[in-house]
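These notes are about the structure you will find just below.
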Amino acid sequence: MIAAFVAPARETLELALYDVRLHDDTAGIVRDALVAAHESGVHVRLLYNLERAERRPAVPPPPKTEPELIESLPFETAAVPGWPDLMHHKYVVRDRDAVWTGSTNWTDDSWTREENVIVIVDSPGVAIRFQEDFAQLWKKREVEPTGRVPTDPIDVGGAEVRTWFSPKRGEKLSQEIGRRIGRAMRRIRVASPVITSGPILGTLAEVAQDGRVDLAGVVDATQIAEVLAQWHANPNASWKPPSLLSLMQRGQFTGKRSTPYAPGALHGYMHAKVTVCDDVVFLGSYNLSHSGEQNAENVLEIHDAALADRMAAYVDEIRAKYEPLQL
(Lines give C-alpha, C1' and ligand atoms only; values in the text may rest on other atoms or scores of the structure.)
Protein backbone atom coordinates (compact mmCIF):
# COMPACT_ATOMS: atom_id res chain seq x y z
CA MET A 1 0.00 0.00 0.00
CA ILE A 2 2.80 2.43 0.84
CA ALA A 3 4.68 1.62 -2.36
CA ALA A 4 1.48 2.14 -4.36
CA PHE A 5 0.81 5.46 -2.62
CA VAL A 6 4.35 6.73 -3.23
CA ALA A 7 4.63 5.60 -6.86
CA PRO A 8 2.59 8.40 -8.54
CA ALA A 9 4.71 11.18 -6.94
CA ARG A 10 6.01 13.68 -9.49
CA GLU A 11 7.54 16.49 -7.45
CA THR A 12 7.55 16.00 -3.66
CA LEU A 13 7.18 13.43 -0.90
CA GLU A 14 7.15 14.70 2.68
CA LEU A 15 7.11 12.11 5.48
CA ALA A 16 6.71 12.76 9.21
CA LEU A 17 7.05 9.45 11.06
CA TYR A 18 7.14 8.82 14.80
CA ASP A 19 8.32 5.21 14.70
CA VAL A 20 10.13 3.44 11.84
CA ARG A 21 11.46 -0.08 12.37
CA LEU A 22 10.94 -2.72 9.68
CA HIS A 23 12.46 -6.12 9.07
CA ASP A 24 14.27 -6.89 5.84
CA ASP A 25 11.30 -7.96 3.70
CA THR A 26 8.99 -5.06 4.55
CA ALA A 27 11.88 -2.58 4.82
CA GLY A 28 13.02 -3.49 1.31
CA ILE A 29 9.63 -2.73 -0.22
CA VAL A 30 9.32 0.64 1.52
CA ARG A 31 12.95 1.68 1.04
CA ASP A 32 12.93 0.75 -2.64
CA ALA A 33 9.77 2.79 -3.24
CA LEU A 34 11.20 5.89 -1.55
CA VAL A 35 14.64 5.57 -3.16
CA ALA A 36 13.05 5.03 -6.59
CA ALA A 37 11.06 8.24 -6.13
CA HIS A 38 14.23 10.09 -5.11
CA GLU A 39 16.18 8.74 -8.08
CA SER A 40 13.40 9.75 -10.47
CA GLY A 41 13.76 13.38 -9.38
CA VAL A 42 11.11 13.59 -6.65
CA HIS A 43 12.20 15.78 -3.73
CA VAL A 44 11.91 13.38 -0.78
CA ARG A 45 12.23 14.61 2.82
CA LEU A 46 11.69 12.57 5.99
CA LEU A 47 11.24 13.78 9.57
CA TYR A 48 11.45 11.36 12.48
CA ASN A 49 11.11 11.52 16.25
CA LEU A 50 14.42 11.32 18.09
CA GLU A 51 14.09 9.60 21.46
CA ARG A 52 16.59 10.31 24.22
CA ALA A 53 18.11 7.56 26.29
CA GLU A 54 16.53 8.29 29.67
CA ARG A 55 13.35 6.48 30.62
CA ARG A 56 9.94 8.09 30.41
CA PRO A 57 6.39 6.81 30.99
CA ALA A 58 5.56 4.28 28.27
CA VAL A 59 2.29 5.95 27.23
CA PRO A 60 2.57 6.18 24.31
CA PRO A 61 5.31 3.55 23.98
CA PRO A 62 8.73 4.89 22.94
CA PRO A 63 9.67 4.50 19.26
CA LYS A 64 12.11 1.87 18.04
CA THR A 65 13.58 4.00 15.25
CA GLU A 66 17.31 3.58 14.66
CA PRO A 67 18.54 7.04 13.60
CA GLU A 68 21.64 5.70 11.87
CA LEU A 69 19.48 3.65 9.49
CA ILE A 70 17.25 6.64 8.70
CA GLU A 71 20.26 8.87 8.14
CA SER A 72 21.76 6.33 5.72
CA LEU A 73 18.94 6.92 3.24
CA PRO A 74 20.03 8.81 0.10
CA PHE A 75 17.57 11.68 0.53
CA GLU A 76 17.09 14.45 3.08
CA THR A 77 16.21 13.39 6.64
CA ALA A 78 15.95 15.33 9.89
CA ALA A 79 15.40 14.43 13.53
CA VAL A 80 12.90 16.24 15.74
CA PRO A 81 13.76 15.80 19.45
CA GLY A 82 10.91 13.97 21.18
CA TRP A 83 11.28 15.77 24.50
CA PRO A 84 9.55 17.17 26.35
CA ASP A 85 6.84 16.44 23.74
CA LEU A 86 6.70 13.90 20.94
CA MET A 87 6.73 14.28 17.17
CA HIS A 88 3.95 11.69 16.98
CA HIS A 89 2.83 12.00 13.34
CA LYS A 90 2.48 9.10 10.89
CA TYR A 91 1.82 10.97 7.64
CA VAL A 92 3.03 11.26 4.06
CA VAL A 93 2.16 14.11 1.71
CA ARG A 94 2.42 13.29 -2.01
CA ASP A 95 2.91 16.37 -4.20
CA ARG A 96 0.02 18.71 -3.42
CA ASP A 97 -2.45 15.97 -4.23
CA ALA A 98 -2.86 13.38 -1.48
CA VAL A 99 -2.19 12.54 2.17
CA TRP A 100 -1.59 9.22 3.92
CA THR A 101 -2.21 9.50 7.69
CA GLY A 102 -3.85 7.77 10.63
CA SER A 103 -2.71 5.89 13.73
CA THR A 104 -0.32 3.43 12.09
CA ASN A 105 3.39 3.59 12.85
CA TRP A 106 5.83 2.16 10.31
CA THR A 107 6.79 -0.97 12.24
CA ASP A 108 6.13 -4.64 11.63
CA ASP A 109 4.31 -4.93 14.97
CA SER A 110 2.02 -2.05 13.98
CA TRP A 111 1.19 -3.76 10.69
CA THR A 112 0.65 -7.27 12.06
CA ARG A 113 -0.18 -7.20 15.80
CA GLU A 114 -2.04 -3.96 16.48
CA GLU A 115 -5.44 -2.52 15.66
CA ASN A 116 -4.86 0.61 13.59
CA VAL A 117 -6.46 2.92 11.05
CA ILE A 118 -4.99 4.31 7.83
CA VAL A 119 -6.75 7.08 5.92
CA ILE A 120 -5.81 8.23 2.42
CA VAL A 121 -7.26 11.56 1.30
CA ASP A 122 -7.04 12.73 -2.30
CA SER A 123 -7.43 16.47 -1.86
CA PRO A 124 -5.12 19.37 -2.74
CA GLY A 125 -6.70 21.43 0.03
CA VAL A 126 -5.95 18.82 2.70
CA ALA A 127 -2.49 18.13 1.25
CA ILE A 128 -1.57 21.83 1.46
CA ARG A 129 -2.55 21.90 5.16
CA PHE A 130 -0.28 18.93 5.86
CA GLN A 131 2.50 20.59 3.88
CA GLU A 132 2.16 23.66 6.09
CA ASP A 133 2.61 21.55 9.20
CA PHE A 134 5.56 19.70 7.67
CA ALA A 135 7.23 22.97 6.69
CA GLN A 136 6.99 24.23 10.27
CA LEU A 137 8.55 21.05 11.66
CA TRP A 138 11.27 20.99 8.99
CA LYS A 139 12.22 24.61 9.65
CA LYS A 140 11.98 24.62 13.46
CA ARG A 141 13.20 21.06 14.20
CA GLU A 142 11.20 21.14 17.42
CA VAL A 143 7.62 20.36 18.40
CA GLU A 144 6.44 23.34 20.46
CA PRO A 145 6.14 26.06 17.76
CA THR A 146 4.35 23.85 15.20
CA GLY A 147 0.79 22.97 14.29
CA ARG A 148 -0.34 26.51 13.54
CA VAL A 149 -2.45 25.41 10.58
CA PRO A 150 -5.99 26.53 9.61
CA THR A 151 -8.92 24.37 10.74
CA ASP A 152 -11.70 25.78 8.57
CA PRO A 153 -13.65 23.19 6.53
CA ILE A 154 -12.53 21.85 3.16
CA ASP A 155 -14.89 20.14 0.74
CA VAL A 156 -13.57 16.69 -0.21
CA GLY A 157 -15.89 14.85 -2.58
CA GLY A 158 -18.95 16.40 -0.96
CA ALA A 159 -17.77 15.69 2.61
CA GLU A 160 -16.77 18.47 5.00
CA VAL A 161 -13.23 17.87 6.31
CA ARG A 162 -11.41 19.90 8.95
CA THR A 163 -7.69 19.49 9.67
CA TRP A 164 -6.37 19.69 13.22
CA PHE A 165 -2.71 19.87 14.21
CA SER A 166 -1.17 20.12 17.64
CA PRO A 167 0.41 21.47 19.70
CA LYS A 168 -0.79 24.88 18.51
CA ARG A 169 -4.35 23.62 17.98
CA GLY A 170 -4.17 20.81 20.56
CA GLU A 171 -6.36 22.38 23.24
CA LYS A 172 -8.97 23.45 20.69
CA LEU A 173 -8.92 19.94 19.22
CA SER A 174 -9.74 18.28 22.53
CA GLN A 175 -12.48 20.85 23.13
CA GLU A 176 -13.95 20.21 19.68
CA ILE A 177 -14.03 16.44 20.25
CA GLY A 178 -15.60 17.00 23.67
CA ARG A 179 -18.18 19.36 22.16
CA ARG A 180 -19.15 16.85 19.49
CA ILE A 181 -19.45 14.10 22.11
CA GLY A 182 -21.69 16.31 24.22
CA ARG A 183 -23.95 17.16 21.25
CA ALA A 184 -24.32 13.58 19.95
CA MET A 185 -27.95 12.44 19.82
CA ARG A 186 -27.69 8.82 18.61
CA ARG A 187 -24.31 7.19 18.98
CA ILE A 188 -20.76 7.63 20.19
CA ARG A 189 -17.99 5.16 19.41
CA VAL A 190 -14.46 5.50 20.76
CA ALA A 191 -11.26 3.59 20.06
CA SER A 192 -8.22 5.02 21.83
CA PRO A 193 -5.37 3.41 23.77
CA VAL A 194 -6.07 5.79 26.67
CA ILE A 195 -8.62 8.49 27.56
CA THR A 196 -7.03 11.19 29.71
CA SER A 197 -7.89 14.53 28.08
CA GLY A 198 -9.95 16.51 30.59
CA PRO A 199 -12.59 17.90 28.20
CA ILE A 200 -13.05 14.51 26.53
CA LEU A 201 -13.01 12.31 29.64
CA GLY A 202 -15.30 14.63 31.56
CA THR A 203 -17.87 14.82 28.76
CA LEU A 204 -17.78 11.07 28.11
CA ALA A 205 -18.39 10.40 31.82
CA GLU A 206 -21.38 12.76 31.81
CA VAL A 207 -22.83 11.15 28.68
CA ALA A 208 -22.36 7.69 30.18
CA GLN A 209 -24.10 8.76 33.38
CA ASP A 210 -27.04 10.26 31.48
CA GLY A 211 -27.49 7.02 29.55
CA ARG A 212 -29.42 8.62 26.68
CA VAL A 213 -26.93 7.97 23.86
CA ASP A 214 -25.62 4.66 22.51
CA LEU A 215 -22.07 4.87 23.88
CA ALA A 216 -19.41 2.18 23.48
CA GLY A 217 -15.70 1.86 22.91
CA VAL A 218 -12.43 0.02 23.32
CA VAL A 219 -9.11 0.94 24.97
CA ASP A 220 -5.78 -0.69 25.74
CA ALA A 221 -6.26 -2.12 29.23
CA THR A 222 -2.54 -2.29 29.97
CA GLN A 223 -1.94 1.36 29.13
CA ILE A 224 -5.04 2.39 31.09
CA ALA A 225 -3.58 0.65 34.16
CA GLU A 226 -0.30 2.51 33.67
CA VAL A 227 -2.16 5.82 33.42
CA LEU A 228 -4.09 5.09 36.62
CA ALA A 229 -0.81 4.49 38.45
CA GLN A 230 0.46 7.87 37.21
CA TRP A 231 -2.74 9.61 38.31
CA HIS A 232 -2.56 8.18 41.83
CA ALA A 233 0.84 9.85 42.18
CA ASN A 234 -0.52 13.21 40.98
CA PRO A 235 -2.92 15.07 43.34
CA ASN A 236 -3.97 17.41 40.50
CA ALA A 237 -5.52 14.43 38.67
CA SER A 238 -7.62 13.21 41.60
CA TRP A 239 -10.90 13.75 39.72
CA LYS A 240 -9.89 11.62 36.76
CA PRO A 241 -9.87 8.06 38.20
CA PRO A 242 -13.52 8.29 39.39
CA SER A 243 -14.56 9.73 36.01
CA LEU A 244 -12.78 6.97 34.12
CA LEU A 245 -14.23 4.32 36.43
CA SER A 246 -17.75 5.71 35.89
CA LEU A 247 -17.23 5.77 32.11
CA MET A 248 -15.97 2.18 31.98
CA GLN A 249 -18.79 0.94 34.22
CA ARG A 250 -21.67 2.80 32.56
CA GLY A 251 -20.41 2.84 28.96
CA GLN A 252 -19.94 -0.35 27.00
CA PHE A 253 -16.13 -0.39 27.00
CA THR A 254 -13.78 -3.31 26.60
CA GLY A 255 -10.00 -3.42 26.92
CA LYS A 256 -7.19 -5.26 25.21
CA ARG A 257 -4.66 -6.68 27.66
CA SER A 258 -1.54 -6.03 25.63
CA THR A 259 2.00 -6.94 26.64
CA PRO A 260 3.51 -4.07 28.66
CA TYR A 261 6.20 -2.08 26.88
CA ALA A 262 9.74 -3.39 27.25
CA PRO A 263 12.75 -2.97 24.96
CA GLY A 264 12.80 -5.85 22.50
CA ALA A 265 9.29 -7.05 23.40
CA LEU A 266 6.57 -7.65 20.82
CA HIS A 267 4.10 -4.78 20.75
CA GLY A 268 0.45 -5.64 20.18
CA TYR A 269 -1.40 -2.64 21.55
CA MET A 270 -4.96 -1.57 20.80
CA HIS A 271 -3.62 1.39 18.85
CA ALA A 272 -6.55 2.64 16.74
CA LYS A 273 -7.56 6.25 17.36
CA VAL A 274 -11.13 6.88 16.19
CA THR A 275 -14.06 8.81 17.65
CA VAL A 276 -17.51 8.71 16.02
CA CYS A 277 -20.17 11.21 17.12
CA ASP A 278 -23.37 10.59 15.15
CA ASP A 279 -22.18 11.22 11.56
CA VAL A 280 -18.88 12.94 12.41
CA VAL A 281 -15.58 11.02 12.53
CA PHE A 282 -12.32 12.06 14.17
CA LEU A 283 -9.27 10.00 13.25
CA GLY A 284 -5.52 10.47 13.14
CA SER A 285 -2.45 10.12 15.35
CA TYR A 286 -3.95 11.64 18.50
CA ASN A 287 -4.64 9.52 21.57
CA LEU A 288 -7.48 11.08 23.56
CA SER A 289 -4.86 12.25 26.04
CA HIS A 290 -3.77 15.41 27.76
CA SER A 291 -0.17 14.84 26.65
CA GLY A 292 -1.39 14.53 23.06
CA GLU A 293 -2.44 18.17 23.16
CA GLN A 294 1.24 19.12 23.57
CA ASN A 295 2.64 16.60 21.08
CA ALA A 296 2.91 17.12 17.33
CA GLU A 297 -0.25 15.31 16.24
CA ASN A 298 -2.79 15.44 13.42
CA VAL A 299 -6.50 14.65 13.26
CA LEU A 300 -9.03 14.75 10.44
CA GLU A 301 -12.59 15.70 11.37
CA ILE A 302 -14.78 14.23 8.63
CA HIS A 303 -18.53 14.84 8.30
CA ASP A 304 -19.78 11.85 6.33
CA ALA A 305 -22.57 9.47 7.34
CA ALA A 306 -21.30 6.48 5.36
CA LEU A 307 -17.79 6.77 6.78
CA ALA A 308 -19.22 7.20 10.28
CA ASP A 309 -21.22 3.98 9.85
CA ARG A 310 -18.11 2.18 8.64
CA MET A 311 -15.90 3.40 11.48
CA ALA A 312 -18.53 2.74 14.14
CA ALA A 313 -18.78 -0.82 12.86
CA TYR A 314 -14.99 -1.11 12.98
CA VAL A 315 -14.90 0.04 16.62
CA ASP A 316 -17.62 -2.49 17.47
CA GLU A 317 -15.65 -5.21 15.69
CA ILE A 318 -12.57 -4.49 17.83
CA ARG A 319 -14.63 -4.09 20.98
CA ALA A 320 -16.20 -7.51 20.53
CA LYS A 321 -12.78 -9.19 20.61
CA TYR A 322 -12.02 -8.22 24.21
CA GLU A 323 -13.52 -8.46 27.69
CA PRO A 324 -15.26 -5.60 29.51
CA LEU A 325 -12.66 -3.44 31.22
CA GLN A 326 -12.38 -4.02 34.98
CA LEU A 327 -10.60 -1.28 36.91
Side-chain angles (χ1 to χ4, degrees), residues 1-18 20 26 29-48 70 73-78 80 87-106 110-111 116-139 146-166 168-169 173 273-274 280-286 296-304 306-307 310-311:
M1 287 177 65
I2 290 172
F5 180 81
V6 166
R10 304 178 307 277
E11 297 179 357
T12 59
L13 283 170
E14 292 146 329
L15 302 89
L17 303 174
Y18 172 66
V20 185
T26 46
I29 295 170
V30 173
R31 186 183 188 280
D32 289 351
L34 295 175
V35 171
H38 166 70
E39 292 179 345
S40 71
V42 174
H43 186 196
V44 182
R45 294 185 292 171
L46 188 155
L47 287 164
Y48 64 95
I70 298 294
L73 294 166
F75 45 80
E76 292 180 89
T77 62
V80 177
M87 199 292 292
H88 201 232
H89 293 301
K90 309 98 169 47
Y91 69 70
V92 186
V93 189
R94 188 186 70 213
D95 297 327
R96 285 199 165 193
D97 295 335
V99 173
W100 166 300
T101 189
S103 66
T104 312
N105 289 312
W106 288 30
S110 295
W111 297 352
N116 272 299
V117 172
I118 296 165
V119 56
I120 298 171
V121 184
D122 292 306
S123 164
V126 172
I128 289 169
R129 298 273 179 89
F130 275 80
Q131 283 188 323
E132 288 184 44
D133 181 70
F134 185 91
Q136 293 171 23
L137 283 162
W138 189 265
K139 180 180 179 180
T146 68
R148 195 182 299 277
V149 177
T151 62
D152 49 298
I154 299 169
D155 182 88
V156 181
E160 178 184 305
V161 177
R162 299 179 71 185
T163 55
W164 294 92
F165 294 88
S166 61
K168 289 304 182 186
R169 304 287 185 257
L173 168 61
K273 309 165 198 305
V274 180
V280 180
V281 180
F282 295 88
L283 48 79
S285 67
Y286 170 65
E297 309 271 7
N298 70 89
V299 169
L300 294 175
E301 176 185 344
I302 305 174
H303 296 239
D304 183 87
L307 180 64
R310 183 178 174 189
M311 299 315 299

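If you're wondering where the values come from, they're calculated on a predicted model, not measured in any experiment. Numbers for residues simply follow the sequence, beginning at 1. In what follows, every heavy atom counts, from backbone to side chain, and hydrogens, waters and symmetry copies are set aside.
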Can I get a per-line list of side-chain donor-acceptor pairs under 3.5 Å for residues 3-13, giving both atom names and the distance, sequence neighbours left out?
unit_1, atom_1, unit_2, atom_2, d
Arg10, NH1, Asp97, OD2, 3.2
Arg10, NH2, Asp97, OD2, 3.1

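Using a cut-off of 4.0 Å between Lys/Arg side-chain N and Asp/Glu carboxylate O, Glu14 and Arg45 are scored as salt-bridged. Salt-bridge check for Arg129 with Asp152: passed, with a basic side-chain N closer than 4.0 Å to an acidic carboxylate O.
Nearest heavy-atom pair across His89 and Phe165 is CE1-CD2, 4.2 Å. Nearest heavy-atom pair across Ala98 and Ala127 is N-CB, 3.9 Å. When all heavy atoms of Val44 and Leu34 are compared, the pair lying nearest together is CG2-O, 4.1 Å. Heavy atoms only, all atoms of each residue included: Lys168 and Thr146 are closest at CG-O, 3.1 Å. Closest approach of Ala159 to Asp304, counting heavy atoms only: CB-OD1, 4.0 Å.
Side-chain atoms of Asn298 and His88 form no donor-acceptor pair, as typed in the model, at a separation below 3.5 Å. Under the 3.5 Å distance criterion, with hydrogens and angles disregarded, no donor-acceptor pair is assigned to the side chains of Arg148 and Gln136. Looking at Ser103 and Asn116, their side chains do bring a donor and an acceptor atom within 3.5 Å of each other.
Put simply, the side chain of Ile2 reaches to within 4.5 Å of the side chain of Trp100, judged on heavy atoms. Side-chain contact check for Tyr91 versus Phe134: some heavy-atom pair is nearer than 4.5 Å. Side-chain contact between His303 and Pro153: absent, with no pair of heavy atoms (C-beta onward) separated by less than 4.5 Å. With contacts defined as side-chain heavy-atom distances shorter than 4.5 Å, the pair Val92/Val99 does not qualify. With a 4.5 Å cut-off on side-chain heavy atoms, Pro74 and Val35 count as touching. Side chains of Leu73 and Arg31 form a contact here, defined as non-hydrogen atoms less than 4.5 Å apart.
Of the possible donor and acceptor atoms, none in the side chain of Thr163 sits under 3.5 Å from a partner among the backbone N and O of Thr151. Thr101 contributes no side-chain N or O that, together with a main-chain N or O of Gly284, makes up a donor-acceptor pair within less than 3.5 Å. A donor-acceptor pair under 3.5 Å links the side-chain atoms of Ser123 to the main chain of Val126, judged by distance alone.
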Exercise. Determine, step by step, whether Glu301 and Leu173 satisfy the side-chain contact (heavy atoms from CB on, under 4.5 Å) criterion, reporting the C-alpha distance in whole Å, the side-chain angles of both residues, the deciding distance to 0.1 Å, and the verdict.
Key: CA-CA 10 Å; Glu301 176 185 344; Leu173 168 61; over 6 Å; no
Quiz item: Could you go step by step and tell me if Leu307 and Met311 meet the side-chain contact (heavy atoms from CB on, under 4.5 Å) rule?
Solution: CA-CA 6 Å; Leu307 180 64; Met311 299 315 299; 3.9 Å; yes
Practice problem: Start with the C-alpha gap between Leu300 and Val119, add the side-chain angles, then the distance that decides, and say whether side-chain contact (heavy atoms from CB on, under 4.5 Å) holds. | Solution: CA-CA 9 Å; Leu300 294 175; Val119 56; 4.0 Å; yes
Exercise. Go through the steps for Asp122 and Arg94 under the test side-chain contact (heavy atoms from CB on, under 4.5 Å), then give the verdict.
Key: CA-CA 9 Å; Asp122 292 306; Arg94 188 186 70 213; 3.8 Å; yes
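One finds the CD atom of Glu297 at 7.0 Å from the NZ atom of Lys90 (value rounded to the nearest 0.5 Å). We find the CG-CD distance between Leu15 and Glu76 to be 12.5 Å, quoted to the nearest 0.5 Å. Note that CD of Gln131 is 8.5 Å distant from CG of Asp95, once rounded to the nearest 0.5 Å. A distance of 10.0 Å separates CG of Asn105 from CH2 of Trp111, quoted to the nearest 0.5 Å. For the atom pair CZ (Phe130) and CZ (Arg96), the distance works out to 14.5 Å, reported to the nearest 0.5 Å. Note that CD1 of Ile70 is 11.0 Å distant from CG of Leu47, once rounded to the nearest 0.5 Å.
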